Structure formats: C-alpha cells, structure tokens
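Please read all numbers here as calculations on a predicted model, not as lab measurements.
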Amino acid sequence: MNESDRHHFDLDEFARQAMIDRDMLPDFSTDVNEELSGIQSAPAPDPDLRDLRQLLWCSIDNDDSRDLDQLSVAEQLPAGQVRIYVAVADVDGVVKKGTAIDDHARHNTTSVYTAARIFPMLPEKLSTDITSLNQDEERQAMVSEMVVNEDGTVASSEIYRALVFNRAKLAYNAVDAWLDGRSEAPAPLAAIRGLDENIRLQSSVAQKMRERRHELGALDLETIEPRAVRKDGRIVDLELDLKNEPKELIEDFMIAANGAAARFLESRKFASLRRVVRVPKRWDRIVAVAEEYGEHLPADPDASALEEFLLRRRKADALRFPDLSLTIVKLLGSGEYVVTIPGSEPVGHFGLAVRDYSHSTAPNRRFPDLITHRLLKAALAGDKPPYSIDELRQLAEHCTEKEDDAAKVERLVAKSAAAVLLAPRINERFDGVVTGASEKGTWVRIFRPPVEGKIIHGWEGLDVGDKARVKLVGTNPEKGFIDFVRTGK
C-alpha cells in the first residue's frame, strides 16, 4: 500500500461494514429515531426515592468519556470501617423493555469501540445526556451501599434506588497525576470542598479491597490496550492505555457493586444473569509457561498459585509483564454470561476470584446491565421478574455471542488501522510474543508498535507465550491483515 492509498482508505466506512458483517446494527432505525424524538428529558423522579444529593458524588472515567454510568463516594465509619456508595445510571427509567430503542440495544447488546468510531448501544441523546450521570445534574440511580471492613472485606451491602447529583466529572489520568503528586488537583476536584479528602479515602479503601481479592487468588493482570490517535480524521498513531490507581479504584468498586447486585437478587429468590470465567481448560499450557520462567504451578488449576507467580514476574520484569499477562488472558479463555438459579452453586469468576458476579454498573454501554437493573427493580418492588428463566437463558447466550462479535469488530478495525500505519515499514524486523496458536494459524503481537499479526511462514513449533523475532512482509487494511514471517534473528 502506497502513501496515497493510506490517505484514501476509509476506516470509518470499513468499521461500519465490519459491524454489518457480524450482524450488528451500525445505525439507528427510523423507528428508533422517531421514538427518540419523543424523549426530551428524564421522567420526574419517583417521590419514594431516597435523596442522596447531598453526598460528594463524583465520576471518574476516561478523558473523552461522555456516557457516564457510575458515581462513587465514601464515608468514614468508626472502627476503621468505610461506607462506599456506588450510583449507577437508571437507564431503564427512560428505555423501557420492548421499545424500539430497547430492541436495538438488545440486538447489539454492547457499545462497540473501534479505532475509527464508536457505535453506541443507545442513541447519544440518551447515553451522553438524558441517561448519563452528568456533572451538575440531578439523576435517578440504582445505588449499591457497602460497608467495608479495615481488612478489605465487605461486611454488608444494600441495594436501593436514589436521587443523586454529580458534583465533579473527573478523568483517570488527571486524578492519577494528582494522587501521585505530579500535578495540582484537577479544577473540578479543587472546586468542591472536601472532595480531595473523599477521593483519597476512596483510593485507600479500594486498595484494601484489591489486596483482599488478591489474597483470595484474584489475578493481577496488565495487558496493553492501544488506543488510536486521530488527527484531521486519520489514524496517526497507537497510544498505550495503561492501568493507574484511579482506574483500579473504579474497577474495585464496580466488582464490589456487581457482587452486591448478584447477592441481592439471590436473596430475593430471583434468577440472575451472571458474568463468569470458568476454570481454564488450558491450565497445562499455563503450567508450561510458568516453567519457562523457572516457576512451578500445581497440576490442577489454582488461582492463588497463579497470582503468586504473576506477582513475582511483575517484580522481576515489569517492562515485559504485560506480554506475560496477555498470554495468561488468552489461555484463561473468554468470559461468558450464564443464568444462575436461586439455590444453585454459581460458576464464579476464576480471574477475579469471586463467587457472585453480575454485570450491573454500565447500563448505557452493556445490555446485560440493563437486564440486571430491571431484575433489581422488580425485586425491590416485590413484582414478578420481567424475564422468564428461559428468556434469560436465551439472552445469556445471545449476549455472549454478540460480545464476541463486538470484540472481533474492534480487533479487525484495530488491525486495519495498524495495517495502514505499518504499510511504510515493510521488511522491517520486530520482536514479539505469540498470542494465538491453533489449526487456524499462529499470531504474534509485536512490542513496538503494540499490534498483532499472523505468522505466515516459520510458525512451526510456536505456542502461546513464546517469544518470536519476525519480519513484516505485507499489510492489507481492507482485510485487516498484517503478515509476518519468523526470522529467528
């Protein structure tokens, strides 16, 4: 591909076609738009809602996020305990089951974040405004209130609906720089008296919760997620999106809130839609990977032993740790949605080391979360479940399938963007790690830039986790192909 072709390749249209090819809806229908035109604002708050507007709520999200799903705040209690509140947008208050907007969301099941553009699950008029927990706006929300002990365990939890008010829209990177002492407090944070102390309290309790989960075997993984950098409508670079303390803070609170939602539904004898990662089928290969580092793992799957191995590797080689993490993620296998019936033993989430885990904290972006909110509302009101068990099972299978489709669209568009960037670098050599090896082919992720391609020659004997020296021999943005040959030098 020459320079002229690079400039004329329409990545936006390519992404749209990729959606269609995976039976996903890239555009909102006439019915959706007509329905949307009749929605001018959120409904008046239910008078029976708890009024929590006085709390120091804030959102922490990506710099460019406009669909704000959750707020958080902390309260110090006696004896070292901390009360954590997590408020989640009440999307169901606007998007009712069986409407045209709901049908679109039910079909796609998720927002799709490609290097070219975002395909939102809900129209942006809703997800970035009416159903978003925007700064300086009153909103209805589903609240998880959790009391956390000094050792990071959750002593109790409660679910209810409330009225909330976002006092500050904060961004991960700015909050991280402030917490780390590298910069002054972000303006929205500095403007609210006491919010700085509250964020520090949230950070402290989140660290304790994280440490507790790791003691139980939660895996400390850190994969590299490149984000496209656009200029004048074109992809000009891939930028690493690394973990930091505020991201982990929100992750820890969301894990806790998702667990609280699952346990609440179980306590009300409601079936629930759970997010699970099963015991890995390729544990033998994980053991082999550990042996390559001179480490020994037990023959049977053991999350705690795997976590201890990962912690040692992070300390030994932090620079290459994301590559090992990527290998382990691939070998653990994909997550899936399943239905848990009250009284049955949940499958659990191997990677998070939790027994009870739903998805309930991102209803603007994920349909399973909207399903969970509808179940929670029915349970709170003493009504019958809005979905039958058979319907939930069908939805679990569909949501798993469409999440996989969405991931494939995102990967394909990311590869196409990378192919455009790498086109001028044909015949250059790169170091990488093998990320996939099956009868379908062998894939490698090079380190700089962090992109994945197929080894079309010299792949014999390679397996997931192996290091490889490769030469770039071809790119095809239209097909999302990046082709390498193994050089060994």
Side-chain angles (χ1 to χ4, degrees), residues 1-9 11 14-15 18 21 114-116 223-229 234-240 282 284-286 288-289 291-293 317 319-334 407-489:
M1 172 179 276
N2 59 40
E3 188 70 14
S4 176
D5 290 337
R6 291 177 68 230
H7 290 170
H8 287 92
F9 180 72
L11 196 62
F14 178 82
D21 292 344
T114 76
T223 57
I224 292 176
E225 299 292 342
R227 301 181 69 185
V229 179
R234 294 186 297 109
I235 306 294
V236 296
D237 198 4
L238 293 176
E239 187 177 80
L240 295 182
R282 295 205 66 191
D284 58 338
R285 178 55 187 160
I286 293 176
V289 169
E291 288 177 350
E292 292 173 7
Y293 291 92
D317 190 354
L319 182 63
R320 299 284 178 165
F321 182 72
D323 304 317
L324 172 60
S325 291
L326 180 62
T327 298
I328 299 301
V329 166
K330 294 279 187 177
L331 292 170
L332 286 175
S334 301
K408 288 176 179 175
V409 169
E410 290 171 351
R411 286 198 297 267
L412 177 60
V413 178
K415 283 187 175 183
S416 295
V420 174
L421 287 175
L422 286 176
R425 304 181 66 176
I426 299 296
N427 293 324
E428 285 192 29
R429 286 170 168 77
F430 303 87
D431 291 318
V433 59
V434 176
T435 56
S438 68
E439 65 278 1
K440 295 180 180 180
T442 300
W443 279 262
V444 62
R445 184 178 66 79
I446 61 175
F447 301 136
R448 296 292 182 273
V451 299
E452 193 175 56
K454 187 175 183 179
I455 301 178
I456 61 173
H457 181 70
W459 49 266
E460 296 86 353
L462 290 174
D463 203 345
V464 174
D466 290 339
K467 302 297 187 297
R469 180 76 169 168
V470 294
K471 181 174 73 172
L472 178 67
V473 294
T475 64
N476 187 326
E478 287 81 3
K479 295 184 178 180
F481 289 173
I482 299 173
D483 293 336
F484 297 99
V485 297
R486 186 182 182 188
T487 66
K489 298 180 181 179

**Q** Quick one: side-chain contact (heavy atoms from CB on, under 4.5 Å) partners of E291, sequence neighbours excluded?
**A**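 If we apply the side-chain contact (heavy atoms from CB on, under 4.5 Å) test to E291, skipping adjacent residues, the hits are V287.
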**Q** Looking at side-chain heavy atoms only, is the closest gap between R486 and V444 below 4.5 Å?
**A**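 The answer is no; the side chains never approach within 4.5 Å.
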**Q** Taking C-beta and beyond as the side chain, do T114 and L11 meet within less than 4.5 Å on heavy atoms?
**A**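 They are not in contact (no side-chain heavy atoms under 4.5 Å apart), so the answer is no.
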**Q** Apply salt bridge (Lys or Arg N to Asp or Glu O under 4.0 Å) to K408 and list each qualifying residue two or more places apart in sequence or on a separate chain.
**A**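 With neighbours one apart ignored, the set is D404.
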**Q** Hey, can you pull the donor-acceptor pairs under 3.5 Å for the side chains in residues 411-426, sequence neighbours left out?
**A**
{"from": "S416", "atom 1": "OG", "to": "L412", "atom 2": "O", "distance (Å)": "3.2"}
{"from": "S416", "atom 1": "OG", "to": "P477", "atom 2": "O", "distance (Å)": "2.7"}
{"from": "R425", "atom 1": "NE", "to": "E428", "atom 2": "OE1", "distance (Å)": "3.1"}
{"from": "R425", "atom 1": "NE", "to": "E428", "atom 2": "OE2", "distance (Å)": "3.4"}
{"from": "R425", "atom 1": "NH2", "to": "E428", "atom 2": "OE1", "distance (Å)": "3.0"}

**Q** Output all residues satisfying salt bridge (Lys or Arg N to Asp or Glu O under 4.0 Å) with D483, sequence neighbours left out; order by chain, then residue number.
**A**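 D483 satisfies salt bridge (Lys or Arg N to Asp or Glu O under 4.0 Å) with no residue once adjacent residues are dropped.
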**Q** Only distances under 3.5 Å count here; give the side-chain donor-acceptor pairs of residues 451-463 to other protein atoms, sequence neighbours excluded, each with its distance to 0.1 Å.
**A**
{"from": "E452", "atom 1": "OE2", "to": "T435", "atom 2": "OG1", "distance (Å)": "2.2"}

**Q** Using ring-ring contact (aromatic ring centres under 6.0 Å, His included) as the criterion, list what pairs up with F14, not counting sequence neighbours.
**A**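 Testing F14 for ring-ring contact (aromatic ring centres under 6.0 Å, His included), a comparison that skips the adjacent residues, returns F9.
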**Q** When rounded to the nearest 0.5 angstrom, what distance separates OG1 in T487 from CG in D431?
**A**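 One gets 8.5 Å once the value is rounded to the nearest 0.5 Å.
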**Q** In Å, rounded to the nearest 0.5 Å, how long is the span from OG1 of T327 to CZ of R445?
**A**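 Going from the OG1 atom of T327 to the CZ atom of R445 covers 8.5 Å.
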**Q** Look only at the side chain of R285 and the backbone of V464, and say whether a donor-acceptor pair between them is shorter than 3.5 Å.
**A**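 Yes: the side chain of R285 pairs with the backbone of V464.
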**Q** Which residues pass the side-chain contact (heavy atoms from CB on, under 4.5 Å) test with D284, not counting sequence neighbours?
**A**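 D284 satisfies side-chain contact (heavy atoms from CB on, under 4.5 Å) with R282 only.
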**Q** Please report the shortest heavy-atom distance between F430 and P449, naming the atom on each side.
**A**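 Smallest heavy-atom distance, with atoms named: CE2-CD, 4.4 Å.
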**Q** What is the distance from atom CD1 of I482 to atom CD1 of I446, rounded to the nearest 0.5 Å?
**A**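 It is 7.0 Å, given to the nearest 0.5 Å.
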**Q** Would you please name every residue forming a salt bridge (Lys or Arg N to Asp or Glu O under 4.0 Å) with D21, sequence neighbours left out?
**A**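 Partners of D21 under the salt bridge (Lys or Arg N to Asp or Glu O under 4.0 Å) test: none.
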